[in-house]
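Structure record follows, encoded as structure tokens.
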Amino acid sequence: DAKTTQPNSMESNEEEPVHLPCNHSTISGTDYIHWYRQLPSQGPEYVIHGLTSNVNNRMASLAIAEDRKSSTLILHRATLRDAAVYYCILSPNQGGKLIFGQGTELSVKP
Amino acid sequence: GAGVSQSPSNKVTEKGKDVELRCDPISGHTALYWYRQSLGQGLEFLIYFQGNSAPDKSGLPSDRFSAERTGGSVSTLTIQRTQQEDSAVYLCASSLGPAPYEQYFGPGTRLTVT
């Protein structure tokens, strides 16, 4: 399984944008890039996923580098509720399991 | 609609006993997954069911662990002869199909082996 590298932790101020980076230099052509987050004492929740093009949804945006070796999750206005561990995961098309790394622990200051 | 549900929410058992953990996936979801998260550890994949295909058991840590999915719906994870290192939160997830469909996670079962 292709690996991802994320910073262990990041800090943000409330109502400011947050850019969470992820490196995945060994990504293969059929790998999707998924982002999940885990709020304290809860199960993970889906945030966004993409393949080649940038993606937007109500929660976040995903910017994918042209060579697909890195991506950035963008939270446009961080709220206190966004404090969580964010996981960047690669999964092949028609694949099943998610292999979670250590993720990035995001703290949001009021 | 209803999300993924798991029972029990908490389970305390003595070392050496067998335990069964239950997962009710979202109706219509063909894929079902089990993961676990030990204290201070990351999320670890255990097993994956997709439709009528043979399950992917590659994440099961030992032959004391097994899982079944009856009728393509409810799943049970069984741990035989529990050990203290089995203490963890066991999470179930379901999805409409394999990747890239998003996985919906249940609240988990916290297992404590004394």
Side-chain angles (χ1 to χ4, degrees), chain A residues 1-9 22 24 27-53 55 57-60 62 64 68 71 73 84-105, chain B residues 3-6 9-10 21 23-26 29-61 67 69 75 88-110:
Chain A
D1 299 309
K3 293 188 183 296
T4 63
T5 304
Q6 300 177 252
N8 288 333
S9 62
C22 181
H24 29 78
I27 191 170
S28 73
T30 60
D31 283 343
Y32 280 83
I33 303 160
H34 300 261
W35 284 82
Y36 283 75
R37 72 180 185 181
Q38 187 173 23
L39 279 64
S41 303
Q42 295 189 26
E45 66 174 345
Y46 168 83
V47 178
I48 201 166
H49 77 273
L51 184 62
T52 56
S53 303
V55 184
N57 67 20
R58 64 174 180 81
M59 288 182 70
L62 176 60
I64 301 173
R68 301 208 327 125
S71 61
L73 178 70
V85 179
Y86 287 78
Y87 297 96
C88 169
I89 304 163
L90 303 183
S91 183
N93 188 30
Q94 298 299 305
K97 61 191 178 187
L98 296 177
I99 304 299
F100 288 82
Q102 293 304 306
T104 296
E105 184 170 11
Chain B
V4 177
S5 60
Q6 294 186 244
S9 55
N10 280 285
L21 311 180
C23 172
D24 285 85
I26 294 172
H29 281 194
T30 63
L32 186 146
Y33 315 78
W34 284 97
Y35 298 86
R36 74 175 177 181
Q37 187 167 32
S38 305
L39 187 63
Q41 299 295 312
L43 284 139
E44 176 187 13
F45 164 77
L46 297 177
I47 189 169
Y48 157 53
F49 297 89
Q50 171 55 54
N52 296 322
S53 303
D56 176 357
K57 304 180 182 180
S58 60
L60 295 179
R69 188 178 185 192
S75 177
V89 175
Y90 288 81
L91 291 154
C92 177
S94 71
S95 63
L96 278 170
Y101 283 107
E102 62 190 85
Q103 296 184 21
Y104 294 83
F105 284 78
T109 293
R110 181 175 297 279

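Each chain gets a letter, A, B and so on, in the order the sequences are listed, and its residues count up from 1.
- Contact of A/Gln42 with chain B is not made at all, since no heavy-atom distance falls under 4.5 Å.
- For the set B/Ala93, B/Gly42, B/Pro100, B/Pro98, the entry with the most heavy-atom pairs within less than 4.5 Å of chain A is B/Pro100.
- Side-chain atoms of A/Lys97 and B/Ser58 include a donor-acceptor pair closer than 3.5 Å.
- If you look at B/Tyr35 and A/Phe100, their ring centroids are closer than 6.0 Å.
- Partners of B/Glu44 by salt bridge (Lys or Arg N to Asp or Glu O under 4.0 Å), not counting sequence neighbours, listed by chain and number: B/Arg36.
- Contact of B/Gln50 with chain A is not made at all, since no heavy-atom distance falls under 4.5 Å.
- Between the side chain of B/Gln6 and the backbone N or O of B/Gly108, at least one donor-acceptor pair lies under 3.5 Å.
- Put simply, of A/Pro44, A/Gly101, A/Gly103, A/Ser41, the one with the most heavy-atom pairs under 4.5 Å next to chain B is A/Pro44.
- Only the side chain of B/Leu91 comes within less than 4.5 Å of a heavy atom in chain A; its backbone stays farther off.
- With chain A as the partner, the residue from B/Phe49, B/Tyr33, B/Phe45, B/Tyr101 showing the most heavy-atom pairs under 4.5 Å is B/Phe45.
- The stretch residues 32-42 of chain A participates, sequence neighbours left out, in these salt bridge (Lys or Arg N to Asp or Glu O under 4.0 Å) pairs: A/Arg37-A/Glu45, A/Arg37-A/Asp82.
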